[in-house]
Participant: 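After the structure tokens below, expect a handful of questions from me.
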Amino acid sequence: MLDLQFVCDNRTEVESNCANRGITVDLNRILALRDQRNQLIAATDQLRHDQKDLSAQIPKEKDPQHKQALIAKGKELREQIAANEEKLRDAETGLKEEMMRLPNMTHPDAPVATDETGSVTLRHWGEAPKFSFKPLDHVAIAEKLDLIDFEAGTRVAGHGFYYLKNEAVLLEQALVNFALQKLRKKGFTLYSTPDLAKDEVLEGIGFAPRGPETQIYSIQNSDLSLVATAEITLGGALKDQILDADKLPMKFAGLSHCFRTEAGAHGRATRGIYRVHQFTKVEMFGFTGPDVAESDKLHQEIVAIEEEIFQELKIHYRVIDTASDDLGGPAYRKFDLEAWMPGRGDAGEYGEVTSASNCTDYQARRLGIRCRTPEKKGTQFVHTLNGTAISIARAIIAVLENYQQEDGSVVVPEVLRPWVGEERIG
RNA sequence: GGAGAGAUGGCUGAGUGGCCGAAAGCGCCGGAUUGCUAAUCCGGUGUACGGGGUUUACUCGUACCGAGGGUUCGAAUCCCUCUCUCUCCGCCA
């Protein structure tokens, strides 16, 4: 969520930002609701002030008749206050709903979609492997090597679920361990997080848990939902906290399952385990001081770690600077890694394997995560960032397809061998 | 799951219906003083929202004593629900 004062002071910028992001908003409604809210606050505060005065008089009043009159007046005030409070609640609910629809502002260097460039490829690393044979896609490889059981997944949980099997299970653990070890060395605090979270936490991060187009599985008769990413639980971990500025930046890494409904996504591009309802992921999450220079720096650091992971896996990738109309609501800027997947499409395609966003203070404001700086009065909202360390399903696709051999076997990337325990699958 | 105790400001901790945004101590900040690595004294020291203001300084109002509801003219204080912590019992990977 943006700061209301900022929105009112910078109407033009907010409006053009929304246009760049392909979102229509009615700022007049926000301004009207704000005025209405402020009037109600002023009126109600005045009533409460009167009430205080009055109830201070009552114990001093000796005349019983006057006293009764004062008490009657007090009752009246109480009712007026209650009525005002209800109106105020309505106004604030409406205002919050409108404010929630506003996306974050956008980094000045992020590509603007309307100038027809769209997202920009910043750089490539490595090269696509050359095969002396027609490379298979991960579904075919997994079938040959008995690594994934889609049919059991469908029988047990429905379409979009799967069982990892045999070496794929070891591969999953290896990727998790590889990422966790690396992040620990980089100064991240490791967490294994809950797979469920309260709706208010999901909303604070920027998800809409219960709408008609939700990507979220929610638990009936409760305020809990299955998390779509550990971003939710890592950011939520410090909800309503005031952090010491000298402890920032704080870097968390979280292991969780991720659950997504993926409503209406089918077809070849999402074959196999590319788009599934459940997967395992190691996520990075950062909290920095309220300064874009600081959060930008950590953003670069997070992307560098993502690149390092794929470089050590020796998998060709490119880095994308996401265009304004493709940014999620909370993101100020977003970089994606797209790894080369030789079995994807007709002759191989890039597929998204990581995503790193700087959300500035957008999430922190909703979650109430602030910090205190010694030289400044009061508190400021921190900046939050998130990035994928390793998303297992997608990473497994990249490994299987890039490391497949002519004889049908798959070589295990060197950095994963300590945990897989084998040099070759099949 | 059952029984009991508790939750107050950065920390410790008083406060059982009005004069309590809240004693006292500690910590922290500013100042004074003493030359001896410190002591003493004085003053200050929460957050949020709203109003005023040369939109900085400041100032006024309101709210906040785990969370939410209720009783009352008036609630940190009484009642209800919930959460969390501690102790004991039961159960359990």
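Note that the structure is predicted; figures quoted are calculated from it, not measured. In what follows, chains are A, B, ... by sequence order, proteins preceding strands, each numbered from 1.
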Participant: Is there a side-chain contact between A/Lys73 and the phosphate of B/C73, meaning an N or O under 4.0 Å from OP1 or OP2?
Facilitator: no
Participant: Check A/Gly329 against A/Tyr362 and note the closest heavy-atom contact, atom names and distance.
Facilitator: O-CZ, 3.9 Å
Participant: Side chain of A/Arg37: nearest nucleotide among B/G18, B/G50, B/G61?
Facilitator: B/G50
Participant: May I have the distance from A/Asp240 (atom CG) to B/G66 (atom P), rounded to whole angstrom?
Facilitator: 16 Å
Participant: It should be established whether A/Asn38 places a side-chain nitrogen or oxygen under 4.0 Å from OP1 or OP2 of nucleotide B/G51.
Facilitator: yes
Participant: When we call it a touch if two heavy atoms are under 4.0 Å apart, what does A/Lys52 touch: a base, just sugar-phosphate, or nothing?
Facilitator: sugar-phosphate
Participant: Taking the ring centre of each residue, are A/Tyr163 and A/Phe161 less than 6.0 Å apart?
Facilitator: no
Participant: Write out the stems for RNA chain B, ordered by first number and formatted as range with range, counting runs of at least 3 consecutive Watson-Crick or G-U wobble pairs under 3.5 Å.
Facilitator: B:1-7 with B:83-89, B:10-12 with B:24-26, B:27-32 with B:40-45, B:46-52 with B:58-64, B:66-70 with B:78-82
Participant: Whole-Å distance between B/C82 P and A/Leu224 CG?
Facilitator: 17 Å
Participant: Considering only atom C1', compute the distance from B/A7 to B/G13 and round it to an integer number of Å.
Facilitator: 13 Å
Participant: Looking at B/U72, I'd like to know if its phosphate oxygens (OP1 or OP2) sit under 4.0 Å from a side-chain N or O belonging to A/Arg78.
Facilitator: yes
Participant: Do A/His277 and A/Phe259 have ring centres separated by under 6.0 Å?
Facilitator: no
Participant: Output yes when A/Lys198 and A/Glu200 qualify as a salt bridge under the 4.0 Å nitrogen-oxygen rule, no when they do not.
Facilitator: no
Participant: Does a donor on one side chain and an acceptor on the other come within less than 3.5 Å for A/Thr193 and A/Thr233?
Facilitator: yes
Participant: For nucleotides B/G21 and B/U47, find the distance between their C1' atoms and express it as a whole number of Å.
Facilitator: 11 Å
Participant: Round to a whole Å and report the spacing from CE of A/Met1 to C1' of B/A48.
Facilitator: 13 Å
Participant: Does the gap between the ring centers of A/Phe252 and A/Tyr191 come in under 6.0 Å?
Facilitator: yes
Participant: Which nucleotide in the list B/G18, B/G61, B/G50 gets nearest to the side chain of A/Asp45?
Facilitator: B/G61
Participant: In this structure, how many angstroms lie between the C1' atom of B/A48 and the CD atom of A/Gln380, rounded?
Facilitator: 14 Å
Participant: For A/Val412, does its backbone N or O pair with a side-chain atom of A/Arg424 as donor and acceptor, under 3.5 Å?
Facilitator: no
Participant: Send over the distance from A/Ile41 CD1 to B/C60 C1', rounded to a whole Å.
Facilitator: 16 Å
Participant: Which sits closer to the 5' end of RNA chain B, A/Arg89 or A/Ala72, going by the nucleotide each is nearest to?
Facilitator: A/Arg89
Participant: Check the distance between B/G50's P and A/Asp35's CG and give it to me in whole angstrom.
Facilitator: 12 Å
Participant: Would you classify A/Gln51 as touching base, sugar-phosphate or nothing, given that sugar-phosphate means primed atoms plus P, OP1 and OP2, and contacts are heavy atoms under 4.0 Å?
Facilitator: sugar-phosphate
Participant: Please state how far atom CG in A/Leu54 lies from atom P in B/A75, giving the value in whole angstrom units.
Facilitator: 12 Å
Participant: Quantified in whole Å, what is the P atom distance between nucleotide B/G31 and nucleotide B/A24?
Facilitator: 24 Å
Participant: Would you kindly give the CD-to-P distance between A/Glu200 and B/A67, to the nearest whole Å?
Facilitator: 14 Å
Participant: Judged by modelled atom types alone, do A/Tyr317 and A/Gln311 share a side-chain donor-acceptor pair under 3.5 Å?
Facilitator: yes
Participant: If each of A/Lys75 and A/Arg48 is mapped to the nucleotide of RNA chain B with the nearest heavy atom, which maps nearer the 5' terminus, i.e. the 5' end?
Facilitator: A/Arg48
Participant: Counting any heavy atom closer than 4.0 Å, what does A/Ile58 reach on the DNA or RNA strands: base, sugar-phosphate only, or nothing?
Facilitator: base
Participant: Could you measure between the two C1' atoms, the one in B/G43 and the one in B/C84, and give it in whole Å?
Facilitator: 39 Å
Participant: Indicate whether OP1 or OP2 belonging to B/G61 is found under 4.0 Å from a side-chain N or O atom of A/His49.
Facilitator: no
